[in-house]
K.L.:
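Questions regarding the structure given below will be posed in turn.
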Amino acid sequence: MRGCWILNESLSITIVVLWLGVNLYLFIDTFLWYEDEESFHYTRALLGSTLAWARASALCLNFNCMLILLPVSRNLISFMRGASTCCKGPWRRQLDKNLKFHKLVAYGIAVNATIHIVAHLFNLERYHLSQSEDAEGLLAALSKLGNTPNESYLNPVRTFHTNTITELLSTVAGVTGLVLSLALVLVMTSSTEFIRQFSYELFWYTHHLFTIFFISLAVHGAGQIIRGQTPESLLLHNVTFCRDRYAEWRATALCPVPQFSGKEPSAWKWVLGPVVLYACERIIRFWRSQQEVVITKVVSHPSAVLELHMKKRGFKMAPGQYILIQCPSISPLEWHPFTLTSAPQEDFFSVHIRVAGDWTGALFKAFGAEGQALMEPHSLPRLAVDGPFGAALTDVFHYPVSVCIAAGIGVTPFASLLKSIWYKCCESRSQPRLSKVYFYWICRDARAFEWFADLLLSLETRMSEQGRAHFLSYHIFLTGWDENQAIHIALHWDENTDVITGLKQKTFYGRPNWNNEFKQIAYNHPSSSIGVFFCGPKALSKTLQRMCCLYSSADPRGVHFFYNKESF
């Protein structure tokens with residue numbers, strides 16, 4: 001089982017280890033440099049090792065800020081998915097973990113920001129104490145530098161009686177540091193799963209404080225609070241010789257007064273490229289949002305599901321892709337992801353939207369889906385569409401056997417896939433690599449089956465007519481029913497078609513026994529690579545991932561399950 005886990009997740013572990021390794025290397029290398037660098041000898045005399053802690057964490061912070069925008073650059077991810085020369089096999093699957101990597105980098109930013117802040121709080125206190133009347137020797141001499149003309153200061157705190165917080169907030173570094181900290185705290189706390197489920201809008205708006213974060217980061221170093229000895233001063237003032245002769249600095253030419261300067265800000269160099277790339281991403285989104293979207297059909301389904309058919313010039317898609325939708329009349333800024341439920345062969349593209357929050361609820365009302373009659377086409381609200389973007393399901397056709405599992409509204413990505421299978425297998429002369437599809441749908445509400453049952457019925461009929469009934473095996477599980485439904489089901493159990501879906505394949509009641517299902521699939525395909533694709537809740541995702549590990553063979557020639565989870 002452990003060997004299987006390595007097979008499925010080794011590349012993810014490799015990426016995490018690589019990311020950690022680069023962070024550790026940058027931190028340790030920078031830490032040792034500041035602990036040994038001659039130009040910061042006197043700075044270390046004032047601050048001690050917290051200088052190195054602050055600078056090392058700052059460099060790691062810059063590195064992670066460089067990475068944080070890349071995983072959420074959707075057009076870049078889609079381009080990389082399409083570049084078969086660089087993204088094959090397991091590498092391609094890692095692109096579906098872009099949001100996990102985004103969160104990992106965010107944790108790295110939070111850890112390094114905390115180290116940086118704590119280190120600078122110690123630095124500020126040491127600067128302050130070195131100006132006290134009790135300070136003597138080298139510390140006192142260094143702190144008094146800058147009090148006379150033609151001298152540069154090393155200690156930014158100029159008097160002991162100054163309030164350090166007031167002093168800090170009067171500097172560029174202090175103000176931007178406070179703004180950075182507040183923005184980071186708000187972005188991180190609003191990104192928790194609880195907040196996202198409670199109010200997605202709050203998460204969405206607060207997340208855009210990243211613009212203030214990056215602007216503040218770019219100018220943060222301009223304050224130049226941490227100062228080191230200038231190269232010219234090092235040539236004239238030998239630190240090793242003059243360190244203990246601080247009383248003679250102004251009296252002898254052998255030890256002139258050391259001169260100091262701040263380091264030029266470098267954070268902008270780290271983040272400029274990704275910020276420009278992300279800015280291009282948003283420009284592309286704005287350009288796409290201005291393109292006309294024609295809504296050709298609106299259907300209100302049971303269980304508060306809204307179906308929209310749309311057309312847009314030049315729109316091309318692949319099965320399993322998703323789009324971002326904006327409704328300016330609801331919010332001119334918010335974009336929400338929805339998987340496409342149409343097939344590439346159709347002359348329109350469609351989405352099925354379930355009411356699950358303020359925005360989707362407002363969209364439901366805007367299209368008049370709450371009433372008996374839907375709105376006329378000319379009075380429908382305007383929609384803007386960005387995409388389509390690649391997702392895990394686009395890899396379904398890359399396996400000889402695919403297992404597709406949906407829970408609730410998670411079935412929407414598979415609508416496009418099953419329609420595409422219908423066209424490819426029944427109307428195309430070329431035979432795809434995919435030879436068998438297992439489809440599982442677990443749903444709580446029997447009414448939710450209605451809109452999807454028509455598609456399954458047409459697939460069932462067409463496959464049977466073409467003599468390929470074996471190609472698709474589907475299993476529908478109903479997990480919720482009342483007493484009246486149970487009686488109705490029992491009375492019609494002996495009929496040829498299912499009483500709920502109208503399909504030949506009867507609906508199962510309860511939840512699947514995944515051990516039995518995976519065992520049977522592994523038995524049916526003993527030497528195959530099987531792709532498992534899932535869209536639904538996390539708890540079931542963990543179960544399926546464990547099943548993929550458990551039933552994959554340790555023998556390279558045996559059956560292997562490769563797990564893919566749909567995520568936006």
K.L.:
Please lay out, stage by stage, how Val22 and Leu26 fare under the test side-chain contact (heavy atoms from CB on, under 4.5 Å).
P.N.:
CA-CA 6 Å; Val22 173; Leu26 290 175; 3.9 Å; yes
K.L.:
Tell me if a side-chain donor or acceptor on Gln291 pairs with a main-chain N or O of Lys312 at a distance below 3.5 Å.
P.N.:
no
K.L.:
Could I get the full list of side chain to side chain donor-acceptor pair (under 3.5 Å) partners for Ser289, not counting sequence neighbours?
P.N.:
none
K.L.:
In chain order, what residues pass the side chain to side chain donor-acceptor pair (under 3.5 Å) check against Thr192, with sequence neighbours excluded?
P.N.:
none
K.L.:
Drop me the distance from Thr543's OG1 to Phe534's CZ, to the nearest 0.5 angstrom.
P.N.:
8.5 Å
K.L.:
Tell me whether Glu136 at atom CD has more than 12 heavy atoms from other residues, nucleotides or ligands lying less than 6.0 Å away.
P.N.:
no
K.L.:
Considering only distance and modelled atom types, tabulate donor-acceptor pairs under 3.5 Å from the side chains of residues 240-248, sequence neighbours left out.
P.N.:
{"residue": "Arg243", "atom": "NH1", "partner": "His41", "partner atom": "NE2", "Å": "2.9"}
{"residue": "Arg245", "atom": "NH1", "partner": "Phe241", "partner atom": "O", "Å": "2.7"}

K.L.:
Kindly determine whether Leu142 and Leu145 satisfy side-chain contact (heavy atoms from CB on, under 4.5 Å), including the steps that lead there.
P.N.:
CA-CA 5 Å; Leu142 291 171; Leu145 291 176; 4.1 Å; yes
K.L.:
Between the side chain of Asn64 and the main-chain N/O of Cys60, is any donor-acceptor distance below 3.5 Å?
P.N.:
yes
K.L.:
I need the minimum non-hydrogen distance between Tyr563 and Ser541, along with the two atoms involved.
P.N.:
OH-OG, 2.6 Å
K.L.:
Starting from the C-alpha separation in whole Å, work towards a yes-or-no answer on side-chain contact (heavy atoms from CB on, under 4.5 Å) for Leu129 and Arg126.
P.N.:
CA-CA 5 Å; Leu129 291 176; Arg126 292 189 179 189; 5.6 Å; no
K.L.:
Counting distance only, does the side-chain N/O of Arg382 pair as donor-acceptor with the main-chain N or O of Cys327 below 3.5 Å?
P.N.:
no
K.L.:
Provide the closest heavy-atom pair for Ala318 versus Gln321 in the form atom of the first, atom of the second, distance.
P.N.:
N-OE1, 2.8 Å
K.L.:
Just how far is it from atom NE2 of His560 to atom CZ of Phe562, taken to the nearest 0.5 Å?
P.N.:
6.5 Å
K.L.:
Take Ile325 and Trp335 through the side-chain contact (heavy atoms from CB on, under 4.5 Å) test and state the conclusion after the steps.
P.N.:
CA-CA 5 Å; Ile325 294 180; Trp335 292 82; 5.8 Å; no
K.L.:
Can you confirm whether or not the ring centre of Trp249 sits under 6.0 Å from the ring centre of Tyr42?
P.N.:
yes
K.L.:
Please check: side-chain N/O of Ser331 versus main-chain N/O of Glu334, any donor-acceptor pairing under 3.5 Å?
P.N.:
yes
K.L.:
Heavy-atom distance under 4.5 Å between the side chains of Ser57 and Phe31, does that happen here?
P.N.:
no
K.L.:
Just distance, no hydrogens or angles: give the donor-acceptor pairs under 3.5 Å from side chains in residues 100-112, sequence neighbours left out.
P.N.:
{"residue": "His102", "atom": "ND1", "partner": "Ile68", "partner atom": "O", "Å": "2.9"}
{"residue": "Asn112", "atom": "ND2", "partner": "Gly108", "partner atom": "O", "Å": "2.8"}

K.L.:
Test: ring-ring contact (aromatic ring centres under 6.0 Å, His included). Region: residues 208-234. Which pairs qualify, not counting sequence neighbours?
P.N.:
Trp204-His208, His208-Phe210, Phe210-Tyr278
K.L.:
Would you check if Ile195 and Thr189 make a side-chain contact, meaning some heavy-atom pair closer than 4.5 Å?
P.N.:
no
K.L.:
Does the side chain of Ser181 reach to within under 4.5 Å of the side chain of Ile117, using non-hydrogen atoms?
P.N.:
yes
K.L.:
Side chain of Asn23, backbone of Trp19: donor and acceptor closer than 3.5 Å?
P.N.:
yes
K.L.:
What's the spacing between Leu209 CG and Leu184 CG if we round to 0.5 Å?
P.N.:
10.5 Å
K.L.:
Quick one: CH2 on Trp359 to CD on Gln326, what's the gap to the nearest 0.5 Å?
P.N.:
8.5 Å
K.L.:
Can you sort out the partners of Arg288 under salt bridge (Lys or Arg N to Asp or Glu O under 4.0 Å), two or more places apart, ordered by chain and number?
P.N.:
Asp386
K.L.:
Which donor-acceptor pairs under 3.5 Å do side chains of residues 261-272 form with protein atoms, sequence neighbours excluded?
P.N.:
{"residue": "Lys263", "atom": "NZ", "partner": "Tyr34", "partner atom": "OH", "Å": "3.3"}
{"residue": "Trp268", "atom": "NE1", "partner": "Pro265", "partner atom": "O", "Å": "3.2"}

K.L.:
Once you round to the nearest 0.5 Å, how far does CD1 of Ile15 lie from CG of Leu20?
P.N.:
12.0 Å
K.L.:
Can you confirm whether His336 sits close enough to Leu324 that some side-chain heavy atom of one is under 4.5 Å from a side-chain heavy atom of the other?
P.N.:
no
K.L.:
Can a donor-acceptor pair be found, under 3.5 Å and without considering hydrogens, that links the side chain of Ser73 to the backbone of Leu76?
P.N.:
no
K.L.:
Do we see a donor-acceptor contact under 3.5 Å between the side chains of Thr176 and Ser216?
P.N.:
no
K.L.:
So, the side chain of Asn155 versus the backbone of Ser143: is there a donor-acceptor pair under 3.5 Å, distance only?
P.N.:
no
K.L.:
Over all heavy atoms of both residues, which pair between Leu70 and Ile77 is shortest? Give the atoms and the distance, please.
P.N.:
O-CD1, 4.3 Å
K.L.:
Any donor and acceptor pair, going by atom type alone, linking the side chain of Thr30 with main-chain N or O of Phe27 inside 3.5 Å?
P.N.:
no
K.L.:
Answer yes or no: is there a side-chain heavy-atom contact under 4.5 Å between Tyr399 and Phe533?
P.N.:
yes
K.L.:
Tell me, do Ile405 and Val532 make a side-chain contact under 4.5 Å, heavy atoms counted?
P.N.:
yes
K.L.:
How long is the gap from CD on Glu37 to CZ on Arg44, to the nearest 0.5 Å?
P.N.:
7.5 Å
K.L.:
Might you point out which heavy atoms bring Cys548 and Ser552 nearest each other, and give the distance in Å?
P.N.:
O-OG, 2.7 Å
K.L.:
So for atom CG, which belongs to Asn238, do other residues, nucleotides or ligands contribute more than 12 heavy atoms lying within a distance under 6.0 Å?
P.N.:
yes
K.L.:
Pairs of donor and acceptor atoms involving the side chains of residues 223-236, under 3.5 Å and at least two apart or interchain, shall be tabulated with distances.
P.N.:
{"residue": "Arg227", "atom": "NE", "partner": "Tyr153", "partner atom": "O", "Å": "2.8"}
{"residue": "Arg227", "atom": "NH2", "partner": "Phe260", "partner atom": "O", "Å": "3.0"}
{"residue": "Gln229", "atom": "NE2", "partner": "Ser233", "partner atom": "OG", "Å": "3.0"}
{"residue": "Thr230", "atom": "OG1", "partner": "Ser233", "partner atom": "N", "Å": "3.2"}
{"residue": "Ser233", "atom": "OG", "partner": "Gln259", "partner atom": "N", "Å": "3.0"}

K.L.:
What are the two closest non-hydrogen atoms of Val351 and Met310, and how far apart are they?
P.N.:
CG2-CE, 3.9 Å
K.L.:
Considering non-hydrogen atoms only, spot the tightest contact between Leu363 and Ile353 and give its length.
P.N.:
CD2-CD1, 3.5 Å
K.L.:
May I have all residue pairs that pass ring-ring contact (aromatic ring centres under 6.0 Å, His included) and include part of residues 108-139, sequence neighbours excluded?
P.N.:
His116-His120, His128-Phe160
K.L.:
Mind checking what makes salt bridge (Lys or Arg N to Asp or Glu O under 4.0 Å) contact with Glu193, not counting sequence neighbours?
P.N.:
Lys538
K.L.:
If the condition is side chain to side chain donor-acceptor pair (under 3.5 Å), which residues does Lys144 pass it with, not counting sequence neighbours?
P.N.:
none
K.L.:
Quick one: does Arg55's side chain get under 4.5 Å of Leu51's, heavy atoms only?
P.N.:
yes
K.L.:
Who passes salt bridge (Lys or Arg N to Asp or Glu O under 4.0 Å) against Glu151, sequence neighbours left out?
P.N.:
Arg250
K.L.:
Quick check: do Tyr322 and Leu340 have side-chain heavy atoms less than 4.5 Å from each other?
P.N.:
no
K.L.:
Say whether, by atom type as modelled, one donor and one acceptor occur between the side chain of Glu35 and the main chain of Ala52 under 3.5 angstrom.
P.N.:
no
K.L.:
Quick one: does any side-chain atom of Arg196 pair with a main-chain N or O of Ser191 as donor and acceptor, under 3.5 Å?
P.N.:
yes
